[in-house]
Amino acid sequence: MKKTIAIAFAAVLVSISGAALAQPGAGPVRPYGPAGCGLGSVILGNNPGFVQVFAATTNGTFGTQTFGITSGTSNCINPTPGMASARSFSETNRAAMSKDIARGRGETIATLTTLGGCKDPAAVGASLQKNFRRVVPNAEVSDRAFGSNVVGVLTSDASLSCKKLASVAKR
Amino acid sequence: MLTSAGRDARDRATSPRHRPRLAWLLPALGACLFAPGAGAAPPPGVVSRSSSVGAVDPGRVPDDGPPRATPPGAPRDPPGDPNGPPAGPSQRPAPIAPAEPAAVEALIRRAHALGLARAPAWLRLGHWRASFWRGGHVSEVDGAELFLARNGRRDPSAELDATLRGFFAPPARDPDRHAICRFPARFQWLHGQLGFDLSRFRVDCPGLRKFLDLMRPRAITLVFSSYYLGRAASAFGHTFLRVERHDPLATSERRQLLDMGIDYGATVDTSNALVYALRGLMGSFRGHFKRMPYYYKVREYNDYESRDLWEYELELSPEQVLLVVSHIWELGHSWFDYYYLTENCSYHILGAIEVADPSVELLEHISDPVIPSETVKALYRNRGLVRRVTYRPSLETQFKARVRGMSRAQLAAIQRLASDPRAPLPGISDQQRIAALDAAVDLVDMRFADEIVFDPDSEGRRRKQVLLERRSEIRVPSADLEIAPPWGKAPHRSHGSRRVGFGVGSSGDRDLYGRLSLRVALHDMADPPDGYPDLIAFEFLPLALRFPSSGDAPFTLEELYLLRIRHLNEWTRFNRRPSWNMRAGVRRLTEDECAGCMMGELAGGGGWGTTFLDGRFAFVSSIDTMLGWGPRVAGLGGDSGVRFGLGPSAVLRARVARRLTLLLSGEWYWLPEQERESIWSASTTLRAGIGASSALDLELVARPGEPSAHLSWLLYY
């Protein structure tokens, strides 16, 4: 008898949690993402899971160190135009920016144009699109490499006149 | 209502008239704002000064005037002591500059004579709330770092004294520890009330200066991130702030992604879901404010979780914006206990905004549990506070816009590309091939959201890569997507999160009875659809009582659920996620052999859902399992009290008119190895929305033993 009840209980739990977990983003519990400014450093996967349903309205699962009001590490979070911010912006926005690059246009490209002090977003988009394989040579390329490849294209194409990246280009 | 009157923030922030006022902090805080050497050039028009301590042009101070926390014409703080000297800027007494202890004490006496310790603005700066238990005030801030006085958390008056003494203390060894550096918002407000002689301060605040230089605040926007059942904690939505950043390059086009996001959330240090839930309810996590570029938020919510963002820009003056941002700096030193249902993300975000002006009333308009969409509506309780509303479509919304109006062949091609990225492209024209590739890669991004962020060596990454390579070979830029905001789904238009229902009912052959229903939150399939996702029912603590009772008790409990959720996932060629439902609670049984028995139950299942005729009809069917327990229930083996069932259920909803909904639902469970072989129920609900916050509800329920009918007036509040 007890066994039947146990089986029944297990069946209900499995079916409910199975249905609930058939959601986007559901996956194994993940540690903090890889170092760097990539989006993985913010998103924790679906941690801690379904029982969270009882705890309704939080989203905050980030490290306080990187994003503290008073202690934030500025290499990831400084939006002032320049080399470092263009790079970290590209790292974090990699998933969206790689699409915009292939499409030759988009919000991340317009923003990158501002961060690099470049002249024209359309020209930046066209140049990156042409160099797509240089920016993303393969699917495995790291966020960091992606960021420096993007900046590399901008600095090597003089016609883009990316003023905020100029000093690095000379080096 | 959607775009309130008011000048464009852009014009205002760049108009020459405005600049000197934004720069008033310059002398006061040792050139905090836009200081040279802090990493960036000052905005045009702001005279850059040496960042050396106390380098002040005394002639500037009277020109700039004191900071005004309230716009001209708006009501100011009640002065407290009506006989005290007026605090208005025009009649302010000559600035005093106490340096001697005696002078500081005199200033403190004057502050008390003005009633500043009881002023609403001061109480908000310390988040002091009247305490029911102990009388007096106690702060919601739980970290000691927000208070200078030993008893500051419970004594606003002592904290005022300590703050004023701290302001005039000599520079600290660690410059950022000085009271002015820790409490810039208090300093702004007290300066407005008391008129400090700014030339006397010799304080430098490198940390604060860096912070303000990074923020360069110009406007503040409350952002609502839509309901997301994929992560249960986000089921009610989420709110945070976007601080619009002054663009030093003054480019013609603003780059919203470079604004700063301010988020308040629990700092979670466990991955055990049960511990997480319990500690969250009891408030044993610490809540911190965090800042990050807005693009982190966009990528996380818009893309990774596919949630639409609704942005409510606030009508605040530059001084008010600066005050709020300075206050967030103050809070950043400290922490709150984080309570999921009350003092949560949305609550403290509102508390931070309230500092802007005593006339802004926000926390007064919300109640427990604090639901993010209710905090958005609280903005609208303050006339003219919302300057404009904008909408940022999620990845899923963008994808749907891309495929709208496409032919069957095109849709099939996109589907094929998402699983075989090297499949041949449809159409001959570049435009057709671009449209197919652009949609297919969005689809891959949605399906493999996790892999694409976390796992470089994954199928999702590889498919995306091939599609992008193919796309990049067509050297034509994609056109911008034009997506009209779905105004009907804007969260400020949602019905109240709580619901109460008064009704009459009749069941079986019995007479009429009264029926009372309550629900703490949020929305079901038949409620008025404005402001809520169309295919989600999420009910927290729904309760139904009937009275008089048939027995001795004053009422009979019909049902009480902790949670009742139904998530209909529309099954399309692009979306193969199952629909699911779950419920956990207690209900009263009606079958003859156990009429009136109470049974606790946990039930749920998965299935298939669809919509048709442009969303007017929605249908879902599923296979569910149910586990119940009740002391008088016969159950498995005849006397265990445990009921186990397995069977199908279905729901059909028709939006007959915009505010008239018909809902048909039925369920049947096979009860193996139990005395009763099966159990079933079927119900019909007709609900008409009336006015902004009520509905008339007719419900007919058929089931073994006791069919019933109810007519109720539902109030959303």
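A, B, ... follow the sequence lines: proteins, then strands. Residue 1 opens every chain.
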Proximity breakdown for [X] and chain A, heavy-atom pairs closer than 4.5 Å:
{"X": "Leu481(B)", "result": "neither"}
{"X": "Ile262(B)", "result": "side chain"}
{"X": "Asp442(B)", "result": "both"}
{"X": "Met260(B)", "result": "side chain"}
{"X": "Asp438(B)", "result": "both"}
{"X": "Leu468(B)", "result": "both"}
{"X": "Asp480(B)", "result": "both"}

Atom of Met97(A), atom of Val150(A) and distance for their closest heavy-atom approach |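 The pair with the smallest heavy-atom distance is SD-CG2, 4.2 Å.
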
Could you tell me whether a side-chain N or O of Glu140(A) sits under 3.5 Å from a main-chain N or O of Asp457(B), the two making a donor and an acceptor?
->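 No, because the side chain of Glu140(A) does not come within donor-acceptor range (under 3.5 Å) of the backbone of Asp457(B).
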
Would you call the rings of Trp329(B) and Phe211(B) parallel, tilted or perpendicular if under 30° counts as parallel and over 60° as perpendicular?
->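 Correct class here is tilted.
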
Among [options], single out the residue with the greatest number of heavy-atom pairs under 4.5 Å to chain A.
{"options": "Arg447(B), Arg470(B), His333(B)", "value": "His333(B)"}
{"options": "Ile434(B), Leu258(B), Val476(B), Ile474(B)", "value": "Leu258(B)"}
{"options": "Leu395(B), Ile328(B), Asp303(B)", "value": "Ile328(B)"}
{"options": "Pro456(B), Ser472(B), Gly607(B)", "value": "Ser472(B)"}

With a 3.5 Å cut-off and no angle check, do the side chains of Asn149(A) and Arg134(A) form a donor-acceptor pair?
->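 The answer is no; no qualifying pair exists.
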
Mind checking what makes side chain to side chain contact (heavy atoms under 4.5 Å, CB included) contact with Arg286(B), not counting sequence neighbours?
->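 Arg286(B) satisfies side chain to side chain contact (heavy atoms under 4.5 Å, CB included) with His288(B), Trp335(B) only.
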
Could you tell me whether Tyr338(B) and Tyr264(B) have their ring centroids closer than 6.0 angstrom?
->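 For Tyr338(B) and Tyr264(B), the ring centres are under 6.0 Å apart.
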
So, Tyr301(B) versus Phe240(B), ring centres under 6.0 angstrom or not?
->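 That pair passes the under 6.0 Å test.
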
Could you look at Arg103(A) and say if it's the side chain, the backbone, both or neither that has a heavy atom under 4.5 Å from chain B?
->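 Both parts, heavy atoms under 4.5 Å.
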
Side chain, backbone, both or neither: which part of Asn138(A) has a heavy atom under 4.5 Å from chain B?
->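 It is the backbone, since no side chain atom gets that close.
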
Do Leu160(A) and Thr113(A) pass the side-chain contact (heavy atoms from CB on, under 4.5 Å) test, and can you show the C-alpha distance, the side-chain angles, and the key distance before you say yes or no?
-> CA-CA 9 Å; Leu160(A) 301 177; Thr113(A) 306; over 6 Å; no

What pairs meet the ring pair (Phe, Tyr, Trp, His ring centres under 6.0 Å) rule with one or both residues in residues 83-133 of chain A, with sequence neighbours excluded?
->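 Listed by first then second residue: Phe89(A)-Tyr295(B).
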
Selection from Gly104(A), Ser98(A), Ala95(A), Ala139(A) maximising heavy-atom pairs under 4.5 Å formed with chain B |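 Result: the option with the highest number of such pairs is Ala139(A).
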
